[in-house]
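Heads up, the thing below is written out as C-alpha cells.
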Amino acid sequence: MAPNLPPLVYCHDSQVTIIGAGNVGSALAQRIAEQDLAHVVLFDIVADRPQGLALDLSQARSHGRYSHRIIGTNDYADTAESDLLVITAGLPRRPGMGREDLMAINGKIVAETVRQALVYSPHASIIVVTNPLDVMTYLAWKVSDLPPHRVMGMAGTLDSARFQTFLAQELGVPAGDVSALVLGSHDDRMVPLPRYSTVSGIPVTELLSPDQIQIAIDRTRHGGAEIVALLKQGGAFYAPAAAACAMVESIVLGQSRILPAAAYLDGVYGLTDLYLGVPCQLGKGSVERVIELALTPAEQADMMTSAVAVKENLNLALAAFLS
Ligand code: APR
C-alpha cells in the first residue's frame with residue numbers, strides 16, 4: 001500500500017481521464033461534458049480516434065454552454081495530474097460470450113493502462129468499467145498500489161438502473177419513481193433485492209406479485225446479454241455511461257451519495273479480500289463508507305454464491321497477470 005497520500009481536494013476543476021474512447025468511454029465523456037462536471041481527457045491506443053471525438057465534443061460546447069476542457073490523446077503524458085481515472089479500455093462482449101470470456105484479454109489491458117496512467121497521475125482515484133467487472137476492479141487495485149477505498153468498480157449503479165426499469169414496467173409507473181437495489185457480482189449471479197426496492201417509499205414486495213418481481217429479476221440478470229444479442233456487435237453503452245457518470249459526479253463534486261458499487265470488502269457480509277457490489281457512500285475521490293445491510297439467509301446465500309464465483313475467476317486472473 002502507498003502510505004501517506006495527500007488528502008484530495010475536489011472542486012469543479014477536477015480532471016477526469018477516460019481510458020478507452022470506445023462506445024462507453026465516448027458516451028461518458030459526453031455526459032461529463034454536458035453536465036459540466038470536470039475537464040475530460042479521452043485516451044485510446046487507436047491513433048487519432050480520441051482526438052477526433054474530443055474535437056467533436058468541443059464543438060458541441062457552444063450549444064450546451066459548458067466550459068470545461070476536453071482533449072483526446074494517445075500519449076499518457078497528456079493525462080497528467082488527473083483526479084480520477086475511468087477505465088473503459090478493453091473488448092466488449094460478442095453474442096454468446098460471457099463476461100468471463102473477456103478475462104484474459106481485458107486483464108492485460110486493464111493492468112497495463114492502470115500502471116501507465118498512474119505514472120502521470122499518482123494521486124488519482126480509479127473507477128473500473130471494463131468487464132468482467134469485479135475481477136478487473138481487483139486487478140486494477142492490485143497493480144495500482146492505492147488504498148482500496150480509492151479504487152472501485154461501476155456495476156451496481158447499472159444493474160440497479162436496469163432493475164428499476166423492469167420493476168417500473170411491471171408496475172406501470174415512471175422509472176424515476178422507483179428506487180431499486182442490486183448487490184453482488186456484475187453477472188447473472190447478481191443479487192437484486194426487492195425488499196430494498198421501493199416506489200415512493202413502498203417496498204415493491206407490497207405492490208407486485210412474486211411472479212412479476214421474478215420477471216424483473218430475470219430481465220435484470222440478463223439485461224446486458226439481451227442488449228448484446230440485439231446489437232449483434234458490441235455491448236450496451238448509454239446506460240453504462242449514465243451509471244458511471246453518477247459515480248463520477250458524486251466523487252468529483254464530493255456529494256457523498258449512497259450508490260451501489262464494486263468496493264473492496266474486508267469482513268462485511270462475511271466476505272474478505274475481494275471486490276463485490278455493495279451499497280457505498282461515494283465522495284471526495286473515494287468510497288467513504290461501505291454499508292452492510294441486514295440480509296435474509298436466502299439473500300446472504302446469494303451473496304456468497306456471487307462471491308465464490310468472483311473469487312474463482314479472481315484466482316485465475318491473478319495467476320495469469322501478477323505472476
Ligand atoms: N489502451 C487504451 N485503450 C484501449 C486499449 C489499451 N491498451 N485496448 C483497447 N482500448 C480501447 C479500444 O481501442 C476501444 O476504443 O478501448 C475501447 C473499447 O471500446 P469499445 O470496443 O467500443 O467497447 P465498449 O463498448 O466501450 O466497452 C468497453 O466496458 O462495459 C464494458 O464490457 C465492456 O469491457 C468492455 C468495456
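Just so you know, residue 1 is the first one in the sequence shown, and it goes up from there. One-based numbering, in listed order, for ligands and for the atoms of each.
Between L282 and R257, the closest side-chain pair of non-hydrogen atoms is not below 4.5 Å.
A donor and an acceptor atom, one from each side chain of Y120 and D78, are nowhere located under 3.5 Å apart. Defined by atom type and a distance below 3.5 Å, a donor-acceptor pair is missing between the side-chain atoms of T73 and D75. Under 3.5 Å, the side chains of D36 and S67 contain a donor-acceptor pair of N or O atoms.
Residue pairs meeting the ring pair (Phe, Tyr, Trp, His ring centres under 6.0 Å) criterion with at least one partner in residues 69-96, sequence neighbours excluded, are F43-Y76. Counting only residues at least two apart or on different chains, the salt bridge (charged side-chain N to carboxylate O under 4.0 Å, His left out) pairs with a member in residues 288-305 are R195-E299.
Under 4.0 angstrom from ligand 1, the non-hydrogen atoms of I45 come from both its backbone and its side chain. Counting heavy atoms closer than 4.0 Å to ligand 1, residue P240 contributes nothing at all.
Close contacts of ligand 1 with E112, meaning ligand atoms under 4.0 Å from a residue heavy atom, involve 7 (N). Counting atoms of ligand 1 from 1 in the listed order, those under 4.0 Å from a heavy atom of N106 are 34 (O). Close approach to V46 involves these atoms of ligand 1, each under 4.0 Å from a residue heavy atom: 13 (O).
Compare V228, L91, V110 by their heavy atoms: the one nearest to atom 35 (C) of ligand 1 is in L91. In this comparison of G90, A236, A117, G235, the heavy atom closest to atom 16 (O) of ligand 1 sits on G90. Looking at I109, D44, I18, it is D44 that brings a heavy atom closest to atom 13 (O) of ligand 1. For atom 36 (C) of ligand 1, the candidate residues are T88, L28, N23; the nearest heavy-atom contact is made by T88.
A donor-acceptor pair under 3.5 Å is absent between the side-chain atoms of Y196 and the main chain of P203, judged by distance alone. Side-chain N or O atoms of Q15 include none that pairs as donor or acceptor with a backbone N or O of D83 at under 3.5 Å.
At least one heavy atom of A21 sits under 4.0 Å from some atom of ligand 1.
Considering backbone and side-chain N/O atoms, F43 never comes within less than 3.5 Å of an N/O atom of ligand 1. Polar contact check, T130 against ligand 1: no nitrogen or oxygen pair lies under 3.5 Å apart.
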